[in-house]
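A short write-up of the structure that comes next.
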Number of protein chains: 2
Amino acid sequence: MKNLNRVHLNGLRALEAAGRLGTLQRTADELGVSPGAVSQQIIKAERQLGATIFERTPRGLAPTRSGSALLARLSAGFRELDKAVELASGQTEATLTISVAPVFASKWLVPRLARFRKLHPDIRVRIDASTELIDPDRSDVDLGIRVGTGNWPRVKKEFLLPQEVFPVCAPELALLLKEPADLANVPIVRDANSNLSWDLWLKPFGLSETMLAAGDSFTDAALCLDAAITGQGVMLAWQTLAFDALASGLVVAPFRERFHSGFGYFLITSATQSEPRKISKFRDWLKAEIAASEERLAR
Amino acid sequence: MKNLNRVHLNGLRALEAAGRLGTLQRTADELGVSPGAVSQQIIKAERQLGATIFERTPRGLAPTRSGSALLARLSAGFRELDKAVELASGQTEATLTISVAPVFASKWLVPRLARFRKLHPDIRVRIDASTELIDPDRSDVDLGIRVGTGNWPRVKKEFLLPQEVFPVCAPELALLLKEPADLANVPIVRDANSNLSWDLWLKPFGLSETMLAAGDSFTDAALCLDAAITGQGVMLAWQTLAFDALASGLVVAPFRERFHSGFGYFLITSATQSEPRKISKFRDWLKAEIAASEERLAR
DNA sequence: GTTCTTCATATAGTTTTTCTATATCGTCGT
DNA sequence: ACGACGATATAGAAAAACTATATGAAGAAC
């Protein structure tokens, strides 16, 4: 691209526009400057190119024979750039990029997105499923939903709901569970990567994780849930993970008690950038969905 | 193209180069500025776009997901511009555009151009055949060859040869012409648009145009010559027009006397622009060809 | 033919942008 | 821990671009 170093880009743009529009006045209008400025740009660009691109007629600028070839190519190039800018800025306005953990995305968010889409057809949602904590100031992500203690620097945090844990299992298995101590007699499926402990839920009943039987172990909470659904054991679940499975009866919660895991769901946005409409709309919708979920779960 | 008004072009170029090269240092090298300048350009462009194009990693700049789409388009656009500039300046270096009168072009210049081409294969010649006087500063014409008194403002003029007139006709007709007065007894073909008068040639012999017979008239000197070749009459010709026809024996000059028409051939170039190599090469060749023609004609 | 309008351009001064140079901070590899 | 590399902030300097005005040239209108 070294050829471009010899000619100033604004000059090329002036050439292109003047070739298309024919007079300095119209060119100046399109570029948003005075005609004199355009004249200077064109003259300078012609000098840098070492070629005369326009003949000056009493009615404006007429491309020379060899100038026409240049102008055609310049037009093609600038059209491409224009389209690039249009798409890029149009996209940032209309596309909401959300960073969420894969499990939350697949088990809770994605199944509900269709409703958001219906509510705001002009906003395109792009889900960036990853476990890394992202900085909305240093990526193209508009907002994140993360589980944790809320101890993240340099971002704006908004508490959504406390994570509460409770056992779930297939309905057949639930028949064996009259009281918490019965958990010792059924298989347990575990998420090997989870930082949640059964003690969180057992302690209030005076029980401990050591009494539980061994069982299958998975590297992902979603896989655990699938195992629980097929009756392979009881899992320690939480609201957003289990809600849809509970609602459709694939699993049941044999005990009503839910206990705080110590973590919470937070909405993460930029601490510095002003908030566009698409973000506030999503926040509103998200809170309403959470409230609706919680309400149904509490019944 | 109004989208381009919202983003400064140098910023887009910085984005494109950084996306391709990965670090500020390399980008700065390509653009010929300091890394700090590039950093500012990129940040500014991102703000104008309202989008984050790069994630800053410890190893440089990595395009975001949505940034990649933009960068791909920007690259395409700038490649096009780069090619445009390359071709335009390459062309001006390698293409010599010459403005000449159609008659001179067809009867003298074009038949000799093959030799110039052989001498300088790297220089492409483009002939712009027109009768209008061209200003090399206001068109893409590099040089002109014009007949006149040399009284043209704002251009550099270089005398090539005096225009000298003399009668030519088909060999059969020449048998009837022993002395100038015999011209009264043969048909005369005239160029209706010419500003040359038979008196120019007749006066020195004490003769006058009134004694000449009427004959066919044409709107173009080349057509007159064709008529003379086919024996339709005698025409008042000049060196560059008749040379090739004389050399091949299609016409003859029944009298050796040649008289100055008062006009001359001039090489016209820009008075202000510095002269590129292609022009000086053409001048050298042109003078040599003229000398060779004159020498053969004098024999 | 004269006047008017429509163009482009020259010039000078101002405003704006861009650039450099330096310092700082973060991350990685040794 | 230390050095290397990379991005950014900042302030001052340099360069570029812009405005406003005047000028000249060429058609168009009366």
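Quick note on labels: first sequence line is chain A, next is B, and so on, each numbered from 1.
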Handout entry: Rounded interatomic separation in angstrom, taking CD from Glu46(A) and P from dA8(C)
Key = 12 Å

Exercise for the section: Quick one: do Leu96(B) and Arg124(B) satisfy side chain to side chain contact (heavy atoms under 4.5 Å, CB included)? Show the steps, please. Expected result: CA-CA 6 Å; Leu96(B) 180 69; Arg124(B) 300 205 157 269; over 6 Å; no

Problem - Under 3.5 Å donor-acceptor pair, Gln41(B) side-chain atoms to dT17(C) base atoms - result: no

Handout entry: Closest-nucleotide ordering on DNA chain C, the 5'-leading residue of Gln25(A) and Gln40(B)
Key = Gln25(A)

Handout entry: Side chains of Trp108(B) and Tyr265(B), donor plus acceptor under 3.5 Å
Key = no

Practice task
Determine, for Asp140(B) against Arg126(B), whether the closest basic-nitrogen to carboxylate-oxygen distance falls under 4.0 angstrom.
Solution key: yes

Problem - Glu80(A)/Lys83(B) ion pair, N-O < 4.0 Å - result: no

Exercise for the section: Apply salt bridge (Lys or Arg N to Asp or Glu O under 4.0 Å) to Glu158(A) and list each qualifying residue two or more places apart in sequence or on a separate chain. Expected result: Arg283(A), Lys287(A)

Handout entry: the helix from dG1(C)-dC30(D) to dT30(C)-dA1(D): angle between end helix axes, five pairs per end, rounded to 10 degrees
Key = 30°

Exercise for the section: Examine dT18(C): is either OP1 or OP2 under 4.0 Å from a nitrogen or oxygen in the side chain of Lys44(B)? Give yes or no. Expected result: yes

Exercise for the section: Write down the distance between CD1 (Ile43(B)) and P (dC19(C)), rounded to a whole number of angstrom. Expected result: 14 Å

Exercise for the section: To the nearest 0.5 angstrom, please state how far the OG1 atom of Thr52(A) sits from the CZ atom of Arg65(A). Expected result: 15.0 Å

Exercise for the section: Grab the CZ-P distance between Arg59(B) and dG26(C) for me, whole Å please. Expected result: 19 Å

Exercise for the section: Would you mind classifying the nucleic acid contact of Thr23(A) as base, sugar-phosphate or nothing, using non-hydrogen atoms under 4.0 angstrom? Expected result: sugar-phosphate

Exercise for the section: Answer yes if the ring centres of Phe266(A) and Trp152(A) are under 6.0 angstrom apart, and no otherwise. Expected result: yes

Practice task
Would you check, one step at a time, whether the test side chain to side chain donor-acceptor pair (under 3.5 Å) holds for Arg20(B) with Ser75(B)?
Solution key: CA-CA 8 Å; Arg20(B) 188 156 38 79; Ser75(B) 280; 4.7 Å; no

Problem - Spacing of Leu9(B) atom CG relative to dT17(C) atom P, expressed in whole Å - result: 14 Å

Practice task
Before accepting this row, confirm whether a basic side-chain N of the pair Arg26(A)/Glu30(A) lies closer than 4.0 Å to the acidic partner's carboxylate O.
Solution key: no

Fill in the blank from the handout: chain B reaches DNA chain D, atoms under 4.0 Å from its heavy atoms, from dG6(D) to dA11(D)

Practice task
Give the rounded distance in Å between these two atoms: CG of Asp135(A) and P of dC25(C).
Solution key: 18 Å

